[in-house]
Amino acid sequence: MKILLKAFLLTAPINFVYAAEGQKSAGLPQMDIATFPSQLFWLVITFSLLYLFMWKFVIPRLGATIEERKDKISNDINDADNLNTEATDILKKYDEQMANASQESNEIITNSKKAMLDHLETLKKENEEKVNSLISESQAKIKAQQEKSKIEIRNATLDTVKAIVSRYIENIPSDEEINKKLN
Amino acid sequence: MAADNPIDPIHQFEISKIADIQLGGIDISFTNSSLFMVFALAATMTLFVIGLSKKSIIPNRMQMLSELSYNFIANMLRDQVGDQGRVYFPFIFSLFMFIFFCNFIGLIPYTFTVTSHLIVTFAFAGLIFIAVTIIGFVKNGLGYLRIFYPSGIPIFLAPLIVPIEIISYLSKPISLSVRLCANMLAGHSILKIFAGFIVMLGFLGFAPLVFLVVLYALETLIAALQAYIFTILTCIYLNDALHPDH
């Protein structure tokens, strides 16, 4: 490629020389001055038209479209940011409420536990009292029974002693005398 | 003689009249060159008219294409010149699209490459050179002359540096125009030469054919690249005119 380029560049001056000598067909067409006015004329016309087209039509419209898109994207990003902060706030609130609720439920649990224990305690006490009263009642009953039995035994003994004594002696001792001896 | 040769690589650059027009003794005939200028104009217009027919937030292919080219040139101008360059955007954009389409249409066989003619590229380069010089003096006054004496150069080097800078400044339009023209000329000539080899070698012609395909791909790249280089150099010259201190 480079060699060919060199070869071409080496031959180019020869072509230029031909052109300078007025051999139109042999020289480089680039060196044909007669075509310059036409080329320049049409270049000015076409390029001016292109410039006008770009300046008046393409650039304002394309610029507007690109601007619009940029605005839309930044707006969307803003919206997304706002929604994100909103969502974060909601999450925060939710967390707070959750924390409050769990605290409340903990309180309720401790309170009810306490109440339950209290109730249990009172029930226990009541029962104890009842049991105690029952015990003392029973004890009193037993005591009374014992007293009663004692007296009955004494009376029975008395009667027995009286019967035995009356068989052997005529003089029956009085109850007080027997009681004195028994004690 | 040369024009009769079917594989003459220069034949494709010849200008032939389509309609003979004379204006005050000057030949301004409508030629094949003019026709392909009109084609480049038509191609650009077609791209943008179709691309802009439905302005939607989500672009279709043609709109995407027109927006891509718009953003490409707008970014290039912003990067090189900054916000001050906004005024020159229509010109830069038109310049790029015109050269781009001229280069690309020229790649189609039997077409004519407008930008392969030095007078066309020199007309652009000369216009840019004059415009940039005027802009430089209008924006900076005589301070624009500072570009010939870069800051930080010791004074005793000035007699050496200043002429070099002046020469390099004056040669800008020449290098700008010759670069584009020579690239188009050389590339198209080589394509034509290899196409001729295919015909000449007969059955063995597949070898240059393979090479031609590769070369054609390279030329496609060059067509785009040269349009880009021409435009970005214009932006750089414009930046020099607006900010001569850098």
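Proteins come first, then strands; the chains are lettered A, B, ... in the order of their sequence lines, and each starts at number 1. Nothing here was measured: the structure is a model prediction, and the numbers come from that model.
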| To the nearest 0.5 Å, how far apart are NE2 in B:His117 and CG in A:Leu40? | 12.0 Å
| query | Just wondering, are more than 12 heavy atoms of other shown residues or ligands nearer than 6.0 Å to CG in B:Leu23? | reply | no
| Closest approach of B:Val120 and A:Gln39, non-hydrogen atoms and distance? | CG2-OE1, 3.3 Å
| Got B:Phe124 and A:Leu43 here, is their nearest side-chain heavy-atom distance under 4.5 Å? | yes
| Do any of residues 122-146 of chain A come closer than 4.5 Å to chain B, heavy atom to heavy atom, and if so which ones, in number order? | none
| query | What part of B:Leu127 gets closer than 4.5 Å to chain A, counting heavy atoms only: side chain, backbone, both or neither? | reply | neither
| said: I'd like to check the side-chain contact (heavy atoms from CB on, under 4.5 Å) partners of B:Val132; sequence neighbours left out, ordered by chain and number. | reply: B:Ile128, B:Tyr144, B:Tyr169, B:Tyr237, B:Leu238, B:Ala241
| task | Considering only heavy atoms and a distance below 4.5 Å, find which of B:Ile15, B:Val114, B:Leu118 pairs most often with chain A. | result | B:Ile15
| remark: Checked B:Ala123, B:Ala42, B:Gly51, B:Ser116 vs chain A; the most non-hydrogen pairs under 4.5 Å come from B:Ser116
| request: May I ask you to list the residues in residues 26-35 of chain B that approach chain A closer than 4.5 angstrom, counting heavy atoms only, ordered by number? | output: B:Ile26, B:Asp27, B:Ile28, B:Ser29, B:Phe30, B:Thr31, B:Ser33, B:Ser34
| query | Is the distance between the ring centroids of A:Phe36 and B:Phe122 under 6.0 Å? | reply | no
| request: Show the numbers, then the answer: is there a side-chain contact (heavy atoms from CB on, under 4.5 Å) between B:Phe36 and A:Trp42? | output: CA-CA 10 Å; B:Phe36 282 97; A:Trp42 289 103; over 6 Å; no
| message | Please check this pair: side chain of A:Gln30 against backbone of B:Ile119, looking for a donor-acceptor N/O pair closer than 3.5 Å. | response | no
| said: Sub-4.5 Å heavy-atom contacts with chain B: which residues of residues 48-83 of chain A show up? | reply: A:Leu49, A:Leu50, A:Tyr51, A:Phe53, A:Met54, A:Trp55, A:Phe57, A:Val58, A:Ile59, A:Arg61, A:Leu62, A:Gly63, A:Thr65, A:Ile66, A:Glu68, A:Arg69, A:Lys72
| field | chain A contacts, top residue of B:Leu52, B:Ile21, B:Asn71 (heavy-atom pairs, under 4.5 Å) | value | B:Leu52
| request: Decide yes or no for B:Phe98 and A:Thr46: does some side-chain heavy atom of the first lie under 4.5 Å from some side-chain heavy atom of the second? | output: yes
| task | Could you go through the side-chain contact (heavy atoms from CB on, under 4.5 Å) check for A:Asp32 and B:Glu14 one step at a time? | result | CA-CA 9 Å; A:Asp32 187 358; B:Glu14 265 165 25; over 6 Å; no
